[in-house]
Amino acid sequence: MADIHSKVVILGSGPAGATAAIYAARAMLEPVMIAGIQPGGQLTITTEVENYPGFAEAIQGPWLMEQMQAQAEHVGTKLVQDIVVSADLARRPFTLVADSGGRYIAETLIIATGASANWLGLPTEEKFKGFGVSACATCDGFFYRGKRVAVVGGGNTAAEEALFLTNFADKVTLIHRRPTLRADKTNQMRLADNPKIEIIYDSVVDEVVGTDNPRGVTAIKLRNLSENTSQQLGVDGLFIAIGHSPATELFRGQVEMDDDGYIKTAPDSTKTSVPGVFAAGDVKDKVFRQAVTAAGMGCMAALEAERFLAGGH
């Protein structure tokens, strides 16, 4: 397979990658967007999207990503269904080697490989993902107005998700495997002060219980680790808040990252520590993790890549 040369190669095809592709294509940079392991990103496993601007009714995540990719192709992006297995960022142009054996030679690179939620790994959790099991309270909390939900985790993310869910749910149960939370003291005080929140310590979720038709969660089975006892807790939704993992393994040791593996960028910019390499979306954002913020960063990355190529480093 012949090498593919491009002024802009975009790794990832979620909201950040697709938006970068749209802007780069309209700047006549003829970008190549490599779809990656999960074409369309995390939105492809999100059933209903109600918070993406421009749509009065709820839309389907996979449909939204199909539209973004179609738009990117329509304006001149070359979309490649491939997976990059190694990257050399030591010199420009950058060289990427794909699973297919193909090599991509990039004058600039936009990393939009995203992140994925850490899950518990239960078969029943997998069965109800998108049908009562979620990893994003901001995305799905609205659907639990007046209902009972549980959150798994003990850090700041779990505390913040639990507090956010009290805006909708009647009862929020926070489940943590240890006897104390890892969340900071301010968040712990907020949890303690909220009458809608109950915390169950020393416990793990063993099983998600629900119905098949319609598919939905009705309860979770909990096991107390110190007493080895079990109980069933009736809930309508389960939120997993045990962290995210950015897809940055390819670039470890090549671009600057924080302790959690998120790519560091310059303030108000998508520039990484390597000139000509830009990062956009959840691969560099552990705070907001929204489709709309990822799309905004994709736009920034394409504009910065265009400026870089024009010599305005």
Gap between atom [atom2] of [Y] and atom [atom1] of [X] - 0.5 Å precision:
| X | Y | atom1 | atom2 | answer |
| --- | --- | --- | --- | --- |
| Ser203 | Glu227 | OG | CD | 8.0 Å |
| Leu191 | Ile197 | CG | CD1 | 5.0 Å |
| Asp184 | Asn187 | CG | CG | 4.5 Å |
| Glu73 | Leu79 | CD | CG | 4.5 Å |
| Ile220 | Gln231 | CD1 | CD | 8.5 Å |
| His74 | Ile22 | NE2 | CD1 | 10.5 Å |

So, for [X] and [Y], which heavy atoms are closest and what is the spacing to 0.1 Å?
| X | Y | result |
| --- | --- | --- |
| Ala305 | Ile110 | CB-CD1, 4.4 Å |
| Gly132 | Tyr144 | CA-OH, 3.2 Å |
| Ile242 | Gly153 | CG2-CA, 4.1 Å |
| Ala87 | Gln254 | O-NE2, 2.8 Å |
| Met33 | Ala21 | SD-CB, 4.0 Å |
| Phe239 | Ala137 | CE2-CA, 3.7 Å |

Side-chain contact, heavy-atom cut-off 4.5 Å: [X] with [Y]?
| X | Y | answer |
| --- | --- | --- |
| Glu306 | Tyr23 | no |
| Lys78 | Ile4 | yes |
| Val274 | Phe94 | yes |
| Met65 | Pro15 | yes |
| Ser245 | Asn118 | yes |
| Val292 | Pro53 | yes |
| Lys7 | Thr108 | no |

Heavy-atom donor-acceptor pair, [X] side chain to [Y] backbone, under 3.5 Å:
| X | Y | value |
| --- | --- | --- |
| Thr19 | Ala16 | no |
| Arg223 | Ser230 | no |
| Arg215 | Lys127 | yes |
| Thr166 | Lys196 | no |
| Thr272 | Ala279 | no |
| Glu125 | Val133 | no |
| Thr124 | Val208 | yes |

#### Entry: Trace of the salt bridge (charged side-chain N to carboxylate O under 4.0 Å, His left out) decision for Asp3 with Arg103
CA-CA 5 Å; Asp3 290 357; Arg103 291 195 335 152; 2.8 Å; yes
Heavy-atom count check: over 12 atoms from other residues, nucleotides or ligands less than 6.0 Å from [X] [atom1]?
| X | atom1 | value |
| --- | --- | --- |
| Phe55 | CZ | yes |
| Glu30 | CD | no |
| Arg91 | CZ | no |

### Message
Can you tell whether the side chains of Arg307 and Glu304 come within less than 4.0 Å, N to carboxylate O?
### Response
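The answer is no: the pair does not qualify as a salt bridge.
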### Message
For a side-chain contact (heavy atoms from CB on, under 4.5 Å) check, start with the C-alpha distance between Glu50 and Phe143, then their side-chain angles and the critical distance, and finish with the verdict.
### Response
CA-CA 10 Å; Glu50 284 199 317; Phe143 301 115; 3.8 Å; yes
Is it possible for you to say whether [X] and [Y] belong to one hydrophobic cluster, with membership spreading through side-chain heavy-atom contacts below 4.5 Å?
| X | Y | answer |
| --- | --- | --- |
| Ile175 | Leu165 | no |
| Val80 | Ile111 | yes |
| Ile199 | Val149 | yes |
| Leu238 | Leu122 | yes |
| Val283 | Ile34 | yes |

Among [options], the one residue meeting side-chain contact (heavy atoms from CB on, under 4.5 Å) with [X]:
| X | options | answer |
| --- | --- | --- |
| Val8 | Leu309, Leu109, Val32 | Leu309 |
| Val152 | Val204, Thr173, Leu120 | Leu120 |
| Asp99 | Ile37, Val84, Val85 | Val85 |

### Query
Among Lys264, Lys286, Lys284, whose salt bridge (Lys or Arg N to Asp or Glu O under 4.0 Å) with Asp258 holds?
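Result for salt bridge (Lys or Arg N to Asp or Glu O under 4.0 Å) with Asp258: Lys286.
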### Message
Phe278 vs Met300, test: side-chain contact (heavy atoms from CB on, under 4.5 Å). Steps then yes/no.
### Response
CA-CA 9 Å; Phe278 307 88; Met300 289 165 64; over 6 Å; no
### Derivation and outcome, side-chain contact (heavy atoms from CB on, under 4.5 Å), residues Tyr104 and Asp82
CA-CA 11 Å; Tyr104 298 86; Asp82 212 342; 2.9 Å; yes
### Query
Do any pairs count as a ring-ring contact (aromatic ring centres under 6.0 Å, His included) and have a residue in residues 162-219, sequence neighbours left out, and if so which ones?
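Found Phe164-Phe168.
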### Task
Using the side-chain contact (heavy atoms from CB on, under 4.5 Å) rule, take Leu174 and Ile200 through it: C-alpha gap first, then chi angles, then the decisive distance, then the call.
CA-CA 6 Å; Leu174 182 61; Ile200 297 178; over 6 Å; no
### With sequence neighbours excluded, residues passing salt bridge (Lys or Arg N to Asp or Glu O under 4.0 Å) with Arg289
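None.
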### side-chain hydrogen bond (donor to acceptor under 3.5 Å, both in side chains) partner of Asp282, the single match among His244, Gln42, Gln290
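Testing Asp282 for a side-chain hydrogen bond (donor to acceptor under 3.5 Å, both in side chains) against His244, Gln42, Gln290 leaves exactly one candidate, Gln42.
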### Task
Could you list all the salt bridge (charged side-chain N to carboxylate O under 4.0 Å, His left out) pairs where at least one residue sits in residues 228-247, not counting sequence neighbours?
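Pairs touching residues 228-247 that pass the test: Arg148-Asp236.
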#### Entry: Polar contact flag, side-chain donor to acceptor under 3.5 angstrom, Asp88-Thr95
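Distance-only check fails for Asp88 and Thr95.
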